[in-house]
Amino acid sequence: MALDPTTTPAERGPAVEPDPAAEGGRSVEPSWWRDGVLYQIYPRSFADSDGDGVGDLRGIIGRLDHLQWLGVDGVWLNPTFPSPNDDWGYDVADYKGVHPELGTLEDLDELIAEAGRRGIRVLLDLVPNHTSDRHPWFQDALSGRTARYRDFYVWADPAADGGPPNNWISNFGGSAWTFHEPTGQYHLNQFLPSQPDLNWWNEEVREAVDDVLGFWFARGVAGFRIDVCHAIVKDRELRGDPEATADDHPLIQRRGLRQVNSMNRPELHEVLRRWRVVAGRQEPERVLVGETYVLDLEQLIPFYGNGQDELHLAFNFLFVHSELDAAQLRAVVEGVEAMLPAESWPVYTGSNHDAGRLVTRWAGGDEARTRVALLILLALRGTPFLYYGDEIGMPDVALDPAQALDPVPHRRNDPSASRDPCRTPMQWSAEPGAGFTAGDAEPWLPLGDAAAHNVGDQRADPGSVLHLVRDLIALRRSRADLRGGSYQTLPAPDGAWAWRRGDGTAAAVNLSGAEVEVAGLGGSVLVATDRSRDGERVDGTLRLGPWQGAVLALDD
Ligand code: GLC
Ligand code: MG
């Protein structure tokens, strides 16, 4: 694919002029990914069409009606490419193919078309930081120091003592360097040794990934979630990472190092600008959503560039790693509101395939807390990403970590690190196989308690979590305030959080076990987590019981 990375957004023509007067003071133009709700599908675990116990693309096609009924605007599929599955698809062996267990390229084309017919866009998962060691590039690179693709990867000579070139550590534990005896050098792997890091200083790597983007855009893919977006470019001189300090986020202190040379390099923004050019010259423009795993807003905001030239959306892991606590969540949201450039747009999520499910992590399995968490996600200013199963209040599934298929608990020797519990099959019904797999196939990961949470039963129950999520999505769609309206914190007592959206809408949540009174609200309840309160009048004070929340239409 021909491309000219020097083209600036201005040369592509003017952006749509925002109209601040429209839609409750929104400062950015509407677009499907700002206004819509996105839904993350872990393809191996969504629906199995061929009875092998592994979810697949035809399974997803068969369940698109559910997504349309729910009202989502787009789906992000975790990696769908051929892979030895050492890290369940995040070890890509061919960027332009489909994993045979998931289906064929034709199945993916059909999924894109069938989803499109229902108004649902499809985002794939780009894994540009590393390949599988079985990718033909790496296989070639192993053949010698002068191999054609040697410089596609990060190689370095041993340190003077023969050990690794520097102190960089793998996110999955241990040194980030693996020695390759036959060629006498180490290769970098920030994840598994079988996930060698690509060398983003090599222009040919950049061109190769542009070509991958073009390949999928031409097939109608609406955009990409970009894996470990913050890690792609490494310090050119391979300087060591400094020690973490007491000022660092607890998760960074736990890691022990500040990853400022092994990742999070300023030079990575050149690559993001380059991808934005490729995405921007498509008709329609494609969307780039980064897995920007940084733990302070000063680092997160720059991933949006000037609001027009880098990522469209940068996942907010401060929000993910907050507790379901009014002060903590409000602080993150207020920070985003204060710091994000006017042209940029927030994104919020509570669950994913790494961090676990919000039902367990935030709500401790409690349904009232789950409901209030989902209401927050769907009422904030920003694009919500739901994870499959969030809509039925599906919890993580307790599994024996010794049996984990996820390599991380084994490598880190930390049973709590297993990501299997949040990757179990979708629970469609209470039948054997949970409607995930037909016949008597053994699902690739054990099923959770499908009798307790499943789509079929909840569809039949208007009071269910599923109907709450659907109704909140529909409310968002029908109310401009909830899609594009501004955010403003409203006064609320400790343990509660209230905010206005645009001119005419408010949300209030009680994240405590005591009843609270939120004063200064006049209007009517549109949707409450306790559905018996829908339609209730509020004259000045909204009383919220423990772990309750509501979205209100404010009086003029
Ligand atoms: C990202 C993915 C995670 C994967 C890792 C390495 O963090 O979300 O699942 O293991 O990258 O590719
Ligand atoms: Mg299958």
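Values below: every heavy atom of this structure, side chains too, minus hydrogens, waters and symmetry copies. In this text the structure is predicted, and so the values were computed from the model without any measurement. Both ligands and their constituent atoms are indexed starting at 1 by order of listing.
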Atom of [X] nearest the Mg ion (ligand 2) (restricted to N/O/S, atom name only):
X   : answer
D50 : OD1
D56 : OD2
D52 : OD1
D48 : OD1

List ligand 1 atoms under 4.0 Å from [X], heavy atoms only on the residue side.
X    : answer
E291 : 1 (C), 7 (O), 8 (O)
H353 : 2 (C), 3 (C), 8 (O), 9 (O)
H130 : 6 (C), 12 (O)
R419 : 3 (C), 4 (C), 9 (O), 10 (O)
R225 : 2 (C), 8 (O)

Within 6.0 Å of [atom1] in [X], more than 12 heavy atoms from elsewhere:
X    : atom1 : answer
E323 : CD    : no
Q68  : CD    : yes
D400 : CG    : yes

Got an N, O or S from G51 under 2.8 Å of the Mg ion (ligand 2)?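 Checking the Mg ion (ligand 2) against G51, no N, O or S atom falls under 2.8 Å.
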Of I226, N171, D354, D87, which has the heavy atom at the shortest distance from atom 3 (C) of ligand 1?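 It is D354 whose heavy atom sits nearest to atom 3 (C) of ligand 1.
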Side-chain donor-acceptor contact under 3.5 Å, W177 with N166: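 Yes, side-chain donor-acceptor contact under 3.5 Å.
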Does a side chain donor of either Y90 or D125 reach within less than 3.5 Å of an acceptor in the other side chain?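 There is such a pair (donor and acceptor under 3.5 Å, judged by atom type) between the side chains of Y90 and D125.
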Would you call the rings of W88 and W444 parallel, tilted or perpendicular if under 30° counts as parallel and over 60° as perpendicular?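 Taking W444 first and then W88, their aromatic rings sit tilted (interplane angle of 30° to 60°).
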Indicate the ring-plane relationship of Y149 and W137, choosing parallel, tilted or perpendicular according to the 30° and 60° boundaries.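 Parallel.
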Heavy-atom distances under 4.0 Å decide this one: backbone, side chain, both or neither, for F172 against ligand 1?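 Only the side chain of F172 comes within reach of ligand 1.
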Tell me which part of R423 gets within contact of ligand 1: side chain, backbone, both or neither, using heavy atoms under 4.0 Å.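 The side chain, only.
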Flag the pair W33 / W76 as yes when their ring centroid distance falls below 6.0 Å, and as no otherwise.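 Not close enough - the centres of the two rings lie 6.0 Å or further apart.
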Do P407 and F191 touch side chain to side chain, with heavy atoms closer than 4.5 Å?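 P407 does not reach F191 side chain to side chain.
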Which residue supplies the protein heavy atom nearest to atom 11 (O) of ligand 1, what is that atom called, and how far is it?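 I find the closest protein heavy atom is D227 OD1, 2.9 Å.
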